[in-house]
Amino acid sequence: MRILLVEDNADLAASIVDYLEMQGHSCDLAFNGESGFNAAISNDFDMYIFDIAMPKMDGLQLCQKLRNQCNNTVPILFLTARDTLDDKLAGFSAGADDYLIKPFDLSELLVRLQAIYNRYVGVKTTLALKDLSVDLKTEQVMRANKVISLSPNTYKLLIILMQRSPEIVLRQELEHLVWGDNLPDSDSLRSHIYKLRSKIDKPFTQPLIKTSKGRGFSIS
């Protein structure tokens with residue numbers, strides 16, 4: 001998952017980011033509601049984690065603004081020390097998908113995020129970019145109405161790039177997300193990018209996959 005964490009406690013935020021990235025997820029960080037809103041509308045995320053008591057814009061306001069003004073449906077998990085029933089009802093009323101009371105165990109946070117994401121993926125079944133589309137249920141890849149066959153790791157690479165589009169995904173991050181702790185030799189990523197280009201770009205007029213020299217790759 002690509003996750004946006006909006007949390008003004010720097011120590012807690014660092015712990016959450018480190019833990020989630022150790023589990024193979026990508027985590028962007030904002031320290032107040034205003035910065036969180038700007039990040040949310042400027043990038044594509046699979047999940048939001050919002051603290052409630054924050055400067056500039058609290059988590060409830062941030063959630064309501066994204067839901068009501070931007071028609072944003074990305075799942076939201078609230079983190080808060082507010083544990084009354086009224087507080088929880090206010091969170092769900094604002095548009096949250098779950099509510100985790102501080103202090104909490106990081107492993108519980110991960111389990112809750114995965115459960116929410118699994119429900120969300122059940123709704124979001126297609127990725128699309130220009131004339132390229134992927135059915136996430138059947139794993140069928142199509143461009144210009146032509147079915148494209150990919151190997152498992154090349155398919156995983158395509159999904160990561162599409163989910164993060166138009167962002168540049170760094171080489172090291174791509175390797176970690178595709179292969180986990182079993183990192184391949186230095187030529188494997190380049191080889192898989194070449195194979196992906198040969199299927200996604202080469203037969204078509206407009207190339208979609210781009211190289212950022214010395215950094216990584218993007219698709220747009």
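Each residue takes its place number in the sequence, starting with 1.
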Cluster check [X], [Y]: I/L/V/M/F/W/Y, side chain < 4.5 angstrom:
X	Y	answer
Ile168	Leu129	no
Leu189	Leu170	no
Ile3	Leu106	yes
Ile101	Ile76	yes
Tyr194	Leu157	no

Is there a side-chain contact between [X] and [Y], using heavy atoms and a 4.5 Å cut-off?
X	Y	value
Leu62	Leu60	no
Met1	Gln114	yes
Phe37	Leu66	yes
Met162	Leu132	yes
Asn32	Asp8	no
Leu136	Ile159	yes
Leu12	Phe104	yes
Leu161	Leu196	yes

[X]-[Y] side chain donor-acceptor pair, cut-off 3.5 Å:
X	Y	answer
Ser26	Glu21	no
Thr154	Ser151	yes
Asn38	Ser35	no

So which residues get pulled into Val111's cluster when ILVMFWY side chains under 4.5 Å apart are joined, directly or through others?
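None; Val111 is a cluster of one.
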
Looking at Glu34, I'd like to know if its CD atom is crowded, meaning that more than 12 non-hydrogen atoms belonging to other residues, nucleotides or ligands lie closer than 6.0 Å.
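No, the 6.0 Å shell around CD holds no more than 12 heavy atoms from other groups.
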
Taking NZ, NE, NH1 and NH2 as the nitrogens, is one of them in Arg2 or Asp44 under 4.0 Å from a carboxylate oxygen of the other?
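Between Asp44 and Arg2 there is no salt bridge, as every charged N stays at least 4.0 Å from the carboxylate O atoms.
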
Does the pair Asp201/Arg143 count as a salt bridge with the N-to-O cut at 4.0 Å?
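Salt bridge present between Asp201 and Arg143.
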
Output, in order, the C-alpha distance, side-chain angles, deciding distance and verdict of side chain to side chain contact (heavy atoms under 4.5 Å, CB included) for Leu20 and Ile49.
CA-CA 12 Å; Leu20 292 176; Ile49 306 172; 4.0 Å; yes

Stepwise side chain to side chain contact (heavy atoms under 4.5 Å, CB included) check, Val141 with Leu158
CA-CA 10 Å; Val141 180; Leu158 174 64; 3.8 Å; yes

Residues Val6, Met54; criterion side chain to side chain contact (heavy atoms under 4.5 Å, CB included); working and verdict:
CA-CA 9 Å; Val6 189; Met54 294 188 295; 3.3 Å; yes

Please name the pair of heavy atoms, one in Phe31 and one in Leu29, separated by the smallest distance, quoted to 0.1 Å.
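Looks like CZ-CD2, 3.4 Å.
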
For residues Tyr155 and Asp135, report the shortest heavy-atom separation together with the two atoms involved.
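In terms of heavy atoms, the two residues are closest at OH-O, 4.1 Å.
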
Once you round to the nearest 0.5 Å, how far does [atom1] of [X] lie from [atom2] of [Y]?
X	Y	atom1	atom2	result
Leu110	Ile16	CG	CD1	11.5 Å
Cys27	Leu5	SG	CG	5.0 Å
His192	Glu175	NE2	CD	11.0 Å
Lys130	Ser165	NZ	OG	8.5 Å

Does the Ser15 side chain pair with the main chain of Asp11, one donor and one acceptor, at a distance under 3.5 Å?
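Pair found, side chain donor or acceptor close to backbone of Asp11.
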
Keeping to residues at least two apart or across chains, list the salt bridge (Lys or Arg N to Asp or Glu O under 4.0 Å) pairs with something in residues 93-113.
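Checked against salt bridge (Lys or Arg N to Asp or Glu O under 4.0 Å) - neighbours excluded - the pairs reaching residues 93-113 are Glu7-Lys102, Asp51-Lys102, Arg67-Asp97, Asp98-Arg112, Glu108-Arg112.
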
Using atom types as modelled, flag every donor-acceptor pair under 3.5 Å from a side chain in residues 211-220 to any protein atom, sequence neighbours excluded.
| unit_1 | atom_1 | unit_2 | atom_2 | d |
| --- | --- | --- | --- | --- |
| Thr211 | OG1 | Arg197 | NH1 | 3.3 |
| Thr211 | OG1 | Arg197 | NH2 | 2.7 |
| Ser220 | OG | Lys210 | NZ | 3.1 |

Assess whether side chain to side chain contact (heavy atoms under 4.5 Å, CB included) is satisfied between Tyr48 and Asn72, documenting all intermediate values.
CA-CA 11 Å; Tyr48 298 140; Asn72 187 309; 2.9 Å; yes

Determine the interplanar angle of the Tyr99 and Phe78 rings, folded into 0 to 90°, and report it as parallel if under 30°, tilted if 30 to 60°, perpendicular if over 60°.
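Rings of Tyr99 and Phe78: perpendicular, as their planes differ by over 60°.
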
